[in-house]
2 protein chains.
Amino acid sequence: MDSDYQSQARVFKALCDETRLRVLEMLRGGEKCACKLLENLDCGQSGLSYHMKVLLESGIVTSRQEGKWTYYRICPEGAPALVSLVQQLTAVTDVPDQFGCCEK
Amino acid sequence: MDSDYQSQARVFKALCDETRLRVLEMLRGGEKCACKLLENLDCGQSGLSYHMKVLLESGIVTSRQEGKWTYYRICPEGAPALVSLVQQLTAVTDVPDQFGCCEK
DNA sequence: ACCTCATATAAAATATTTTTGATGTAAGCA
DNA sequence: TGCTTACATCAAAAATATTTTATATGAGGT
């Protein structure tokens, strides 16, 4: 598990932008090169490059170079890790915690 | 499923802030009132109010009034919905898509 | 070596989020 | 009614993120 709030936040930041969600949807259908992604998005080339960097740094996506092209795909390790992170963040524990509450 | 990018993004925005992740962690141990949350956070009262609004609007958290107090807890419907949203976003499909790729 | 293509990076402009401080509101109590 | 407590709302400032434009880099091809 990832117990550092900042790096958890970084993963979710990758998902809170429309353009990046579109990219992710395209990648669900399989590996794509940057130029194909670009064709189907409403942003400039450097904009895509920026968004892909955010996705890469979150661990949700990986890339691979082949000659001049860069191919991106959903990371086979990162994606399941994300799912379990979300599960852990929202799973209510049955163990009482140290915080208590106002006169309850 | 939530197929609108903007509302999907809204859910993830709720999770990409350290303070809100802390709140969520506290709520995992059970319902808490705002004042208890405030005691354990590094933000002002109006700041907490802002963050709780973001969490409420994302559907991950719900609240309940009791006299002067507001109690917050992880939403029993919203949390699982989030998990399945993440699963859907990152599940690679076996069906080829309409995008193709560069000379592959 | 030079040119082009695919992508990355840097800097500036712009937009969005978060924090802060002041004020508002509603509940409960004297 | 007037006071206090718990929280919400607003507006301005501060901090961050995104977009845009220009320039750089590195792989091929001629």
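Chain naming here is simple, since letters A, B, ... match the order of the sequence lines and numbering starts at 1 in each.
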J.: Do Arg28(A) side-chain atoms and Ile74(A) backbone N/O form a donor-acceptor pair below 3.5 Å?
T.: no
J.: Enumerate all atom pairs, one protein N or O and one N or O from nucleotides 24-30 of chain C, separated by less than 3.5 Å.
T.:
none

J.: Return the minimal non-hydrogen interatomic distance between Thr93(B) and Gly29(A), and the atom names on each side.
T.: OG1-CA, 3.6 Å
J.: Does the salt bridge (Lys or Arg N to Asp or Glu O under 4.0 Å) test come out yes or no for Glu39(A) and Lys36(A), once each step is laid out?
T.: CA-CA 5 Å; Glu39(A) 275 178 25; Lys36(A) 265 299 162 199; 3.2 Å; yes
J.: Would you kindly give the CG-to-C1' distance between Leu56(A) and dT7(C), to the nearest whole Å?
T.: 13 Å
J.: Among Leu89(A), Leu82(A), Val83(A), find the residue that satisfies the side chain to side chain contact (heavy atoms under 4.5 Å, CB included) test when tested with Val86(A).
T.: Leu82(A)
J.: Report the distance from atom CE of Met52(A) to atom C1' of dT9(C), rounded to the nearest whole Å.
T.: 16 Å
J.: How close or far is atom C1' of dA6(C) from atom NZ of Lys32(A), stated in whole angstroms?
T.: 18 Å
J.: For the side chain of Thr19(A), starting at C-beta, report the closest nucleotide among dT19(D), dT19(C), dT7(C).
T.: dT19(D)
J.: Does dT19(C) have its OP1 or OP2 closer than 4.0 Å to a side-chain nitrogen or oxygen of His51(B)?
T.: yes
J.: Distance check needed: dT7(C) P versus Glu39(A) CD, whole Å only.
T.: 11 Å
J.: If you look at every heavy atom in Thr70(A) and Gln65(A), which pair is closest and at what distance?
T.: OG1-OE1, 3.1 Å
J.: Mind calculating the distance between CZ (Arg10(B)) and C1' (dT17(C)) to the nearest angstrom?
T.: 15 Å
J.: Please give, in whole Å, the distance from dT18(C) P to Asp42(B) CG?
T.: 15 Å
J.: Counting distance only, does the side-chain N/O of Lys68(A) pair as donor-acceptor with the main-chain N or O of Glu66(A) below 3.5 Å?
T.: no
J.: Each nucleotide N or O in nucleotides 9-17 of chain D that has a protein N or O under 3.5 Å away: list the pair and distance.
T.:
from    : atom 1 : to       : atom 2 : distance (Å)
dA17(D) : OP1    : Lys13(A) : NZ     : 3.0

J.: How far apart are the closest heavy atoms of Ala79(A) and Thr90(B), and which atoms are they?
T.: CB-CB, 3.6 Å
J.: Quick one: side chains of residues 49-63 of chain A, donor-acceptor pairs under 3.5 Å with protein atoms, not counting sequence neighbours, listed by atom name and distance.
T.:
from     : atom 1 : to       : atom 2 : distance (Å)
His51(A) : ND1    : Arg20(A) : NH1    : 3.0
Ser58(A) : OG     : Leu55(A) : O      : 2.7
Ser58(A) : OG     : Ile60(A) : N      : 3.2

J.: Taking CG from Leu48(A) and P from dT19(D), how many angstroms apart are they, rounded to a whole number?
T.: 11 Å
J.: I need the CH2-C1' distance between Trp69(A) and dA27(D), as an integer number of Å.
T.: 10 Å
J.: If you take all heavy atoms of Asn40(A) and Met26(A), which pair is closest and at what distance?
T.: CB-SD, 3.6 Å
